[in-house]
Amino acid sequence: MDELKKIISHADDDYLTGLCNKGTVKRAYKDLEQEDLSVAWSGAQAEVKLKEETCTIRLPLGESSCSCPSRSICRHTITAILWLKQEIEKELQGETKESAAKETKEDSQKNDVEQGPGLFTELLELPADRLKKACKGRRYQQFLDHVRTGELPPLKESSVVTVTLPWEKATVKLLEPFAYSTCTCKSRELCPHKAQAVLLYQLLKGKIRKEDLEELGDKEHIWEAAEVQKVCESVIESVVHQMGTGLSRQSFEVTKSLERLAVIVHRTELAALESPLREAASGYRQYFSRSAVFQREQLLRKLLWIYRRASSLSLAGSQDEIRALAGTFRDVYEPVGRLHLVGMGARTFSSGTGYEGEIYYFLEPDKGQWYTWTDARPVFYEGVKRRPYSASGLAPWGLPCNREQLQNLEFELHHGKAAAGGRLSVSKESRGEVLGTRSFLMEGVKAQISWDYEKLLLEQFGGTMQSGRMTKNRASGRRERLALVGAVRWGEALFDPVEQRFSWCLYDQQERPLFLSLKYKKEERLTIQLLERLEQRLKKHPREIMVFFGALYLDEEGRMCLYPIEVFLDEAECAAEKADETVQQVHSDSRSNPSRKILWSMKQYLKEVEEQMSDLFVSGLYSAGEDQEEQTARLSEDGECLGLHGAGKELADMSRCLGEKRHRMDFSLTPILEATGRLDVYLQACQEKLSCDLALCAMREAQET
């Protein structure tokens with residue numbers, strides 16, 4: 001009874017409003033003036049009789065009841081609590097001054113320690129795992145970022161705990177029972193705002209530590225090993241069936257089967273398998289519709305990748321191994337603090353995965369890293385009007401300019417967040433501060449311009465990529481090698497009407513070539529026209545240098561090419577000093593450089609191996625004949641002669657397995673599929689190496705001539 005009286009004496013209007021609402025409390029005050037009440041104390045509860053109803057007041061106060069039909073805390077219950085509070089205050093006034101002073105002093109000391117009448121024990125006992133789950137992943141990471149930086153809002157404590165979360169624009173009032181806590185989002189459940197407010201309360205009261213929150217954040221999704229293995233075995237079985245049956249004997253049902261598997265792996269949180277399965281289904285649809293863009297080699301490579309990843313997942317024994325292979329559905333944006341960024345250009349894109357939009361490119365001149373911001377939107381909904389590109393649209397991060405001006409801007413991004421590959425996020429906390437316009441006089445920008453194409457080739461394609469040079473954009477599906485390239489001379493722009501390709505050769509100071517190359521498409525028509533006009537203008541008004549910004553790649557002819565995104569003319573004049581200071585020397589490569597003839601022989605051999613693998617895929621491994629076995633054995637011998645021992649070994653294993661098939665009834669495709677998968681990985685590595693060597697050879701031959 002004493003505990004109940006103490007709780008009632010501390011229950012102010014804020015607490016009572018939390019139990020019901022402000023209107024009910026106001027009505028209770030009016031009813032209190034007209035009611036004739038009496039109380040009967042019984043153990044740890046009080047029975048209060050009103051004129052028409054009887055209320056039972058107990059701990060916690062939110063569990064009190066009334067004889068009226070109301071299922072929640074009604075005005076009669078609030079009236080009874082207010083009356084009891086008045087009666088308790090009268091009792092205190094009737095005690096001796098000494099007792100009252102002593103009790104007041106004790107209460108004051110207790111309040112100093114507990115910051116309240118002991119109403120919030122339940123808040124401290126709420127499990128952190130439950131609160132973290134209610135934050136729904138991304139919001140918990142956001143909350144953790146504020147804890148790390150010490151940006152914690154103050155708590156206002158009375159009979160309720162009031163917490164304002166500025167990054168959520170929400171205010172939470174916590175009280176006991178916790179079910180009666182309120183939030184400005186109007187949710188009656190445990191919303192992310194309430195969960196963050198309770199975690200803040202537990203942190204400030206010492207119930208949990210920052211280290212506990214960090215450890216809790218490290219706990220990711222937990223996979224059931226048996227479930228993962230079962231799902232992966234289904235994926236493997238499907239790929240084995242497709243490889244054994246062959247492309248020529250497949251029915252359209254295979255697309256539905258792959259889509260079903262994509263749904264299953266999605267539910268199992270195996271993100272790395274979902275997208276490849278859907279892409280394989282899309283490849284089959286292209287095949288059945290006789291699409292001109294279908295390539296059986298790409299479909300085969302996709303199926304082999306799925307087989308390898310599913311096999312690795314099925315053998316993974318620990319959560320760490322599964323997590324490393326399972327992938328993620330969304331990019332994880334981590335705080336990067338303050339960023340000094342310079343806009344470099346933008347381009348539109350349209351991906352095969354159903355998205356289109358614009359990508360904006362920025363250089364961090366202090367560290368030489370590239371960042372991108374993507375404004376992507378889905379276009380796979382039928383009948384939905386596509387939102388057109390607007391250069392006059394507002395720039396992100398609160399910058400006072402439009403998107404066209406953003407491409408020429410120098411600014412600081414405060415509280416920025418970026419995913420792997422430098423993809424920037426437009427979060428609520430991120431704010432931009434304009435510093436001026438882009439200038440090539442900045443040392444950081446000037447240092448990024450490549451005037452030596454051989455050095456650029458070796459840096460970008462000859463070995464380990466430099467940090468920040470390669471960016472991966474999930475929406476566009478492209479991995480880009482970004483570069484600023486300076487040219488001191490250029491040839492005549494050409495357009496091949498047969499190949500429908502625009503080509504323009506640029507030269508560095510050592511006469512090494514770099515090609516601007518664009519395949520004609522509707523989306524590239526304007527870019528090609530602008531480059532043609534630029535070439536004609538340069539004939540009338542010659543310039544000493546130009547600087548291009550774009551994405552580097554190696555074409556099928558063994559040339560280093562640049563997909564142009566932006567060209568700088570007047571600004572490039574500021575970089576002429578850097579071009580003059582460039583040391584004119586040939587960069588020797590410690591590796592042996594075989595002749596162009598040998599390189600082309602290897603490239604032709606790799607093409608024949610790919611065709612042989614593709615033929616086996618079309619006919620099906622179960623139907624492979626003796627002639628295909630002999631062809632595989634011959635390619636194995638040729639690989640050994642060319643020094644491609646990895647290809648020779650795997651092809652020999654494939655030939656041996658195909659030979660055993662004719663003499664066994666219980667033939668398993670597992671050994672030949674594993675050999676085919678290893679061969680596919682080896683071929684990709686060889687093709688990358690050969691492309692780089694061919695480009696280097698072509699560059700040096702052009703320099704000599």
Side-chain angles (χ1 to χ4, degrees), residues 235-250 254 258 276-277 279-284 286-288 291 293-312 556 599-662 667-691:
V235 174
I236 293 171
E237 182 181 353
S238 175
V239 175
V240 169
H241 175 74
Q242 294 171 52
M243 295 294 295
T245 304
L247 179 63
S248 61
R249 293 180 176 85
Q250 288 292 345
V254 69
L258 289 171
L277 285 168
E279 291 174 4
S282 176
Y284 273 113
Q286 291 177 353
Y287 168 72
F288 289 116
S291 172
V293 298
F294 171 73
Q295 294 183 2
R296 60 188 186 182
E297 293 83 5
Q298 290 184 358
L299 178 57
L300 171 61
R301 181 157 288 174
K302 186 65 63 178
L303 291 175
L304 290 175
W305 189 95
I306 293 171
Y307 179 84
R308 292 196 303 272
R309 181 56 61 94
S311 299
S312 300
E556 296 178 354
L599 294 175
W600 275 108
S601 298
M602 290 183 175
K603 189 175 183 68
Q604 182 63 31
Y605 169 76
L606 296 180
K607 185 176 181 181
E608 291 179 8
V609 174
E610 279 193 338
E611 291 177 352
Q612 176 63 12
M613 293 171 61
S614 179
D615 290 341
L616 287 171
F617 172 52
V618 172
S619 63
L621 296 176
Y622 288 130
S623 305
E626 186 175 350
D627 56 336
Q628 290 179 314
E629 176 193 346
E630 294 175 353
Q631 175 69 1
T632 304
R634 184 187 65 80
L635 288 172
S636 173
E637 296 174 358
D638 293 345
E640 294 290 346
C641 294
L642 287 171
L644 301 175
H645 303 295
K649 178 182 179 299
E650 303 302 342
L651 286 167
D653 290 344
M654 292 173 61
S655 176
R656 176 178 51 79
C657 293
L658 291 174
E660 293 176 354
K661 177 179 70 69
R662 300 200 308 271
F667 175 67
S668 173
L669 290 182
T670 301
I672 191 172
L673 277 178
E674 291 178 351
T676 307
R678 293 192 298 268
L679 177 60
D680 179 56
V681 174
Y682 182 81
L683 291 180
Q684 291 184 57
C686 288
Q687 287 170 345
E688 292 178 3
K689 175 67 167 59
L690 276 176
S691 297

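Side-chain contact between Met613 and Leu683 is present, with at least one heavy-atom pair separated by less than 4.5 Å. Taking the side chain as every heavy atom from C-beta outward, Tyr284 and Gln250 approach each other to under 4.5 Å. Using a 4.5 Å cut-off on side-chain heavy atoms (C-beta onward), Ser311 and Glu674 make no contact. Using a 4.5 Å cut-off on side-chain heavy atoms (C-beta onward), Tyr307 and Thr670 make contact. At least one side-chain heavy atom of Phe617 sits under 4.5 Å from a side-chain heavy atom of Leu299.
Residues meeting the side chain to side chain donor-acceptor pair (under 3.5 Å) test with Glu611, sequence neighbours left out: none. The side chain to side chain contact (heavy atoms under 4.5 Å, CB included) check on Glu640 picks up His645, with sequence neighbours excluded. The side chain to side chain donor-acceptor pair (under 3.5 Å) check on Glu608 picks up nothing, with sequence neighbours excluded. Taking the side chain to side chain contact (heavy atoms under 4.5 Å, CB included) definition, one finds that Ser312 meets it with Leu325, sequence neighbours left out. Under the rule for a salt bridge (charged side-chain N to carboxylate O under 4.0 Å, His left out), the partners of Arg296 that lie at least two apart in sequence or sit in another chain are Asp615. A search for side chain to side chain donor-acceptor pair (under 3.5 Å) contacts involving Gln612 returns Thr632, not counting sequence neighbours. Residues forming a ring pair (Phe, Tyr, Trp, His ring centres under 6.0 Å) with Tyr287 (at least two apart in sequence, or on another chain): Phe294. Among residues two or more places apart in sequence or in another chain, the salt bridge (charged side-chain N to carboxylate O under 4.0 Å, His left out) test is passed with Lys649 by Asp653. By the salt bridge (charged side-chain N to carboxylate O under 4.0 Å, His left out) test, Glu629 is found to be paired with Arg662, residues two or more places apart in sequence or in another chain being considered. Residues that satisfy the side chain to side chain contact (heavy atoms under 4.5 Å, CB included) test with Tyr605, not counting sequence neighbours, are Val609, Leu635, Asp638, Leu642, Leu644, Ala647, Leu651. For the side chain to side chain donor-acceptor pair (under 3.5 Å) test, no residue two or more places apart in sequence or in another chain qualifies with Glu237. In this structure, the side chain to side chain contact (heavy atoms under 4.5 Å, CB included) partners of Ser238, at least two apart in sequence or on a different chain, are Gln242, Ser257, Leu258, Leu261.
Taking all atoms of both residues into account, the shortest heavy-atom contact from Ser619 to Arg249 is O-NH1, 2.7 Å. Among all heavy-atom pairs drawn from Gly648 and Ser636, the shortest one is O-OG, 2.6 Å. Minimum interatomic distance between Gln628 and Ser623 (heavy atoms only, all atoms of both residues): OE1-O, 4.5 Å. Between Leu303 and Ala280, the closest heavy-atom pair is CD2-CB, 4.2 Å. In terms of heavy-atom proximity, Pro671 sits nearest to Cys657 at CB-SG, 3.9 Å.
Rounding to the nearest 0.5 angstrom, the gap separating the CG atom in Leu606 from the CD atom in Gln687 is 5.5 Å. Residue Leu616 holds its CG atom at 9.5 Å from CD of Gln631, rounded to the nearest 0.5 Å. Remark: Arg656 CZ to Ile672 CD1 distance equals 9.5 Å, nearest 0.5 Å. Here the straight-line distance linking atom CD of Glu279 with atom CH2 of Trp305 works out to 9.5 Å at 0.5 Å rounding. To the nearest 0.5 Å, atom CD of residue Glu660 and atom OG of residue Ser668 are 10.5 Å apart. Interatomic distance, CD1 of Ile306 versus CD1 of Ile236, reported as 11.5 Å (0.5 Å rounding).
The pair Arg301-Glu610 counts as a salt bridge, with a side-chain nitrogen and a carboxylate oxygen less than 4.0 angstrom apart. Classification of Glu630 and Arg634 as a salt-bridged pair fails, no side-chain N sitting under 4.0 Å from a carboxylate O.
If you check the side chains of Gln684 and Asp680, you find a donor sitting under 3.5 Å from an acceptor.
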